[in-house]
Each structure stands twice: as C-alpha cells, then as structure tokens.
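Structure, as structure tokens:
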Amino acid sequence: MKGFNKILSLFLCIIMLFSLSVPMFVYGEETSGDTSSLSAEESTSDDESSSSSTSEPESSSTTEPSTEPTTKPTTKPTTTTTTKKKYDPKKQANTTVTAYKNYYTAFRSDKLAIPITITPAYYGRTVNLQRYDIKTKKFVTVKSFKSASAKSAKVSIEIPSQYRDKTYSTWRFVVEENERGKTYTSGKIKVATKNVETLSLNSQAACIICVETGEILYAKNPYKTLYPASSTKLMTALVTLDTGNLNKKIRISSDMADKLAEVAPPTLEMRKGDSYKKIDLIYAMILPSCNDAAYLLAASVFGSQKKCVNAMNKKAKKIGLKHTHFSNTYGYPKNTHYTCAYDMCLMAIEAGKYPTYVKVCKTYKYKFTTSKGRKYTLKNGDKLNGYKGHIGGKTGFYEKKNKASFTGLYKYNGKTYAVCQMYASKKGIRWTDMKKLYEYCRKHGYEW
C-alpha cells in the first residue's frame, strides 16, 4: 500500500510539472499562466493581434462559424480629417476693408455690386459673398471673388439677381485669411430689391412705398409727371386741416355764389346765404370729390385761391415732393399743375398722419345739414371701401383724356403701404390695378 501511494504521488507531481510547461487558453485569448503580466504589445493594433494567431489554420469556405468567444479590438478605427492650412500669425496683418455701405437698394433687373478695397491684398485675397438664410438662421456662401495681388486691391462684389428674389435680404462678405492677412468678416449688409415680381398693369404709372421704412417696393414710371386731376384735393384737404377749427361755419356771399356757379362739376350747388362747416366741406372734397367745396375752402380759409395754392406748394416742398407743383386747388389741368406716382405716395403717407383725414376717407356715406336746412348725403367714390386692409384714399379722373387714378393706404401684417396708380384707361380698370398692387404688398411686403 505504501508503495502504491509513492507511485501515485510521483504521478501527480509529473502531471503538475507538465501543466506548468503548457500555455493556457482563457476566453479564446492566448496568455501566460500569470495573467497579471500582459504585454503592451498585445493591445497596440489589430495587425499585431492578428499576427499572434498566424499559427492557427485558415478556415475553408465550408467551415461553420466558430462558437469560440472573441475579444473586441482594443483600438478605435482611424478617421481622415482635412486640416485647414495654418499661417504664422506673426506674419499676418489685420485686414481692413473700406468703401462699402451697410445698405443698398436697386431694381431686380439692375446690376447690384458692392465695391470694396482690401488691405493687404498680397498673393490675392478670396472674398466669399454670403446671404442670410431665414430658415436655417445661418449665412450661406453663394459666390466667391478673387482680388489682385497688391498692397491694396479693389473688388466688385456683384449680388446675383437670382438671389434677390425677396424685397428685403441680408448679406455679408468674408475675406479669407492668407499668408499676409487675417480673416475679415463684414457687418450685416441690407439690400432692398424693387420689382421682385413684374406686374401687368394698365396704368401708365404706379408706385408702392412701405410707410415704416420709406422703401419703394414696386415702381412703374414712378417719376413721370402727369396731371393729378381731383387727387389734388388730397393736398387741399391737408393744408385746410392744418388750420384747425373744423366746425367753423363758412357763409356763402352773393359774390362767392356767382363764382362757385362757374366751377365745373361735381359740385354741391351751394346757394348764397347758406352756411357750411369746414369739416362738411372736407368730406365733400374727399368723398364725391366736389370741386366747389375745394374752391370755397381756399377762398374762405386762406383768403384766395392763390394763397391756398402757395400753402399747398410750400407743404409739398416740406414733405419732399420734388416732382410736384400745384396751380389750383381742385385739379383743373394746366401745364404748371402736375405730380407723379412717387410723390402721390409721399402725399398719402403724410395724410395718414392726420386722424381726421383717415376717418373721412374711411367713411362710406356721410350726411349733413346746412344752416338753411339743406340736407346732403355724400357717398364715397372709393370702390375699394370695405376691401380688407384698405384704409382709404383719393380718386382722380382726367376727363379730357379719360384717365383714372387713385392713391390710397393699405395695411397688411402690421405694416402700412402707400399705393398709387395713375392714368388707367378706364375708371373700373384702376380698381383692378389697385388690387394687383395690394396683392404685391401681401406677397412681397416687409420681411426684415
């Protein structure tokens, strides 16, 4: 028995010695018996890990997938990145750009270029034109330009018309850095584009101006001088409103009655001895466009037609009407009596500052009684009265040429627009043109 135990002990010792001399496999990884002494080389790369298993036989295409657990690579896959060229800041000067403005306006059909001068411009400088995208709220490069190589160089940055498809747009430009100059980014440059869309109008002239910004949105022969006809009474009303005391009564003398009888219709057919309030005469001027009401106000409030006309021309100059001159108070055509669509818009903007005028032109029907009991019902000749957004305005009709005009105020989306069309071939057509102009306001109005 003792001999058997000795033999068994010897056999166990041989087995232990044999096991210490053979490598162990742990979870599919070949490692030494001492797992605390893993070499750094085993985790450096996928290539090195695969080279340690070259002694394993290659599997054929018919070999079943191995069920042995595998380890994940210890290194992350490498990615290729494009690095921006670096320049020595000590050799770069600050870039300065001069000669440009922060605001430009032009018709879409016209070329629009921003001239700039870059310093330094050695080796040529790249200039990126960028437009602000309202949706992404980011500036996006739409075109690039290259300057000449010089100490200072001029570049004309042209804004392509296809990118000026909105009335209002915001831009900037970026001068890229190079060996001699640092990056320069301009401030915001605002561009207002007129006639973003071409309208088919019967009228000879038309204009739209945003009241809040003073910008022209649309223009067709805006400075062409034409007879204003009864649109004249808009200015007659304004200078009369300036005098105040609107409830003051004006009595018709015998001499004045004779003069009023000579005034061309439409008229109130006023009679001697009767009295009319100033406010009633203003309603008569604006709604049915009575010529005798304008004549009476001029003679009674200002002392004469001439003095009233002087007041009208003085006010025209004050509000910047450079293509307008009046020679009478109610619109009788003369070579010295003229205006243009642009000036009529400015006149409408001024009129919008008068609450009484706005109230009058909004009125559809107005009734009043004279001191002698004559009763009048005045109807507004504005066929857009009640049209959504339409505030009101003043008609004009040049009977000899059968030319109809209108100047009004229109409100949409919190902004007000002065809108004028002149010389439509028929009275009804002017309203069609006005609606087209109002639609333009809705589509291409204020966006900044």
Side-chain angles (χ1 to χ4, degrees), residues 227-316 324-339 347 351 354 356-357 359-361 363 365-382 394-400:
Y227 293 132
S230 286
S231 298
T232 301
K233 299 184 184 78
L234 174 54
M235 182 61 84
T236 308
L238 296 185
V239 295
T240 302
L241 289 170
D242 286 338
T243 63
N245 196 12
L246 300 181
N247 288 319
K248 180 182 178 179
K249 292 183 178 180
I250 300 174
R251 186 176 182 276
I252 311 298
S253 65
S254 177
D255 182 54
M256 178 57 67
D258 292 339
K259 292 179 179 179
L260 292 174
E262 296 176 0
V263 177
T267 65
L268 291 172
E269 298 180 355
M270 292 180 276
R271 301 169 185 173
K272 66 179 180 179
D274 214 344
S275 297
Y276 294 78
K277 291 180 181 180
K278 286 172 65 176
I279 187 62
D280 295 337
L281 293 172
I282 291 173
Y283 271 97
M285 257 199 318
I286 301 299
L287 302 189
S289 200
C290 294
N291 292 327
D292 57 352
Y295 188 95
L296 179 59
L297 284 169
S300 302
V301 176
F302 294 91
S304 69
Q305 296 292 311
K306 184 177 180 180
K307 289 181 180 179
C308 183
V309 168
N310 288 339
M312 292 165 67
N313 285 322
K314 185 177 180 180
K315 190 170 187 68
T324 298
H325 187 269
F326 300 107
S327 60
N328 61 78
T329 59
Y330 51 90
Y332 186 80
K334 284 187 176 182
N335 290 335
T336 55
H337 192 83
Y338 54 85
T339 189
M347 211 181 304
Y354 290 71
T356 300
Y357 169 79
K359 181 181 177 181
V360 170
C361 68
T363 304
K365 188 183 292 185
Y366 181 76
K367 297 180 179 181
F368 72 94
T369 305
T370 68
S371 61
K372 284 196 172 185
R374 290 190 70 189
K375 295 183 178 182
Y376 289 89
T377 300
L378 308 176
K379 291 184 179 181
N380 200 333
D382 176 5
K394 183 68 191 78
T395 57
F397 184 66
Y398 183 21
E399 191 170 0
K400 185 178 179 180

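None of the values given here were measured: they were computed from a predicted structure. For reference, positions follow the sequence shown, starting with 1.
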Show the nearest heavy-atom pair for residues [X] and [Y], with the distance to one decimal.
X	Y	result
Ala293	Leu268	CB-CD1, 4.4 Å
Pro288	Leu378	CG-CD2, 4.0 Å
Ala294	Tyr330	CB-CB, 3.9 Å
Leu234	Ala351	CD1-CB, 3.7 Å
Tyr338	Pro228	CA-CD, 3.8 Å
Ser275	Thr370	O-CB, 3.5 Å

- request: Decide side chain to side chain contact (heavy atoms under 4.5 Å, CB included) for Lys233 and Asn291; before the verdict, give the C-alpha distance in whole Å, the side-chain angles of both, and the deciding distance to 0.1 Å.
  value: CA-CA 8 Å; Lys233 299 184 184 78; Asn291 292 327; 2.7 Å; yes
If you measure from [atom1] on [X] to [atom2] on [Y], what distance do you get to the nearest 0.5 Å?
X	Y	atom1	atom2	value
Thr369	Tyr376	OG1	OH	10.5 Å
Lys334	Phe326	NZ	CZ	14.5 Å
Thr363	Ile286	OG1	CD1	11.0 Å
Asp292	Met285	CG	CE	11.0 Å
Leu287	Asp382	CG	CG	9.5 Å
Leu241	Thr243	CG	OG1	7.5 Å

message: A quick test of your reading: do over 12 heavy atoms of other residues, nucleotides or ligands sit less than 6.0 Å from OH of Tyr332?
response: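 Open.
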query: Are more than 12 heavy atoms from other residues, nucleotides or ligands located less than 6.0 Å from atom CG of Asn335?
result: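 12 or below, so no.
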Salt bridge (charged side-chain N to carboxylate O under 4.0 Å, His left out) partners of [X], counting only residues at least two apart:
X	result
Asp255	Lys259
Lys379	none
Lys315	Asp242, Glu350

query: Do the ring planes of Tyr227 and Tyr398 sit parallel (below 30°), tilted (30 to 60°) or perpendicular (above 60°)?
result: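 The arrangement is perpendicular - the two ring planes meet at more than 60°.
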message: If you define the side chain from C-beta out and look only at heavy atoms, does anything of Lys359 sit under 4.5 Å from Tyr283?
response: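 Of all side-chain heavy-atom pairs linking Tyr283 with Lys359, at least one is under 4.5 Å.
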Candidates Ser230, Ser289, Ser231 - the one meeting side-chain hydrogen bond (donor to acceptor under 3.5 Å, both in side chains) with Lys394: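 Among the candidates, only Ser289 passes.
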task: In sequence, state the C-alpha distance, the side-chain angles, and the governing distance for Thr339 and Thr232, and then conclude on side chain to side chain contact (heavy atoms under 4.5 Å, CB included).
output: CA-CA 9 Å; Thr339 189; Thr232 301; over 6 Å; no
query: Can you list the residues that meet the ring-ring contact (aromatic ring centres under 6.0 Å, His included) rule with Tyr357, with sequence neighbours excluded?
result: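 Counting only residues at least two positions away or on another chain, Tyr357 forms no ring-ring contact (aromatic ring centres under 6.0 Å, His included).
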task: Walk me through it: do Met270 and Ile250 pass the test side chain to side chain contact (heavy atoms under 4.5 Å, CB included)?
output: CA-CA 11 Å; Met270 292 180 276; Ile250 300 174; over 6 Å; no
query: Yes or no on side chain to side chain contact (heavy atoms under 4.5 Å, CB included) for Thr267 and Leu260, after CA distance, side-chain angles and deciding distance?
result: CA-CA 9 Å; Thr267 65; Leu260 292 174; over 6 Å; no
List the atom pairs, with distances to 0.1 Å, where a side-chain N or O of residues 297-305 and a protein N or O form a donor-acceptor pair under 3.5 Å, not counting sequence neighbours.
unit_1: Ser300; atom_1: OG; unit_2: Leu296; atom_2: O; d: 3.1
unit_1: Ser304; atom_1: OG; unit_2: Lys307; atom_2: N; d: 3.1
unit_1: Gln305; atom_1: OE1; unit_2: Thr329; atom_2: OG1; d: 2.9
unit_1: Gln305; atom_1: NE2; unit_2: Tyr295; atom_2: O; d: 2.8

query: If you look only at pairs with a residue in residues 260-286, which of them pass as a salt bridge (charged side-chain N to carboxylate O under 4.0 Å, His left out), with sequence neighbours excluded?
result: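 Every pair satisfying salt bridge (charged side-chain N to carboxylate O under 4.0 Å, His left out) with a residue in residues 260-286: there are none.
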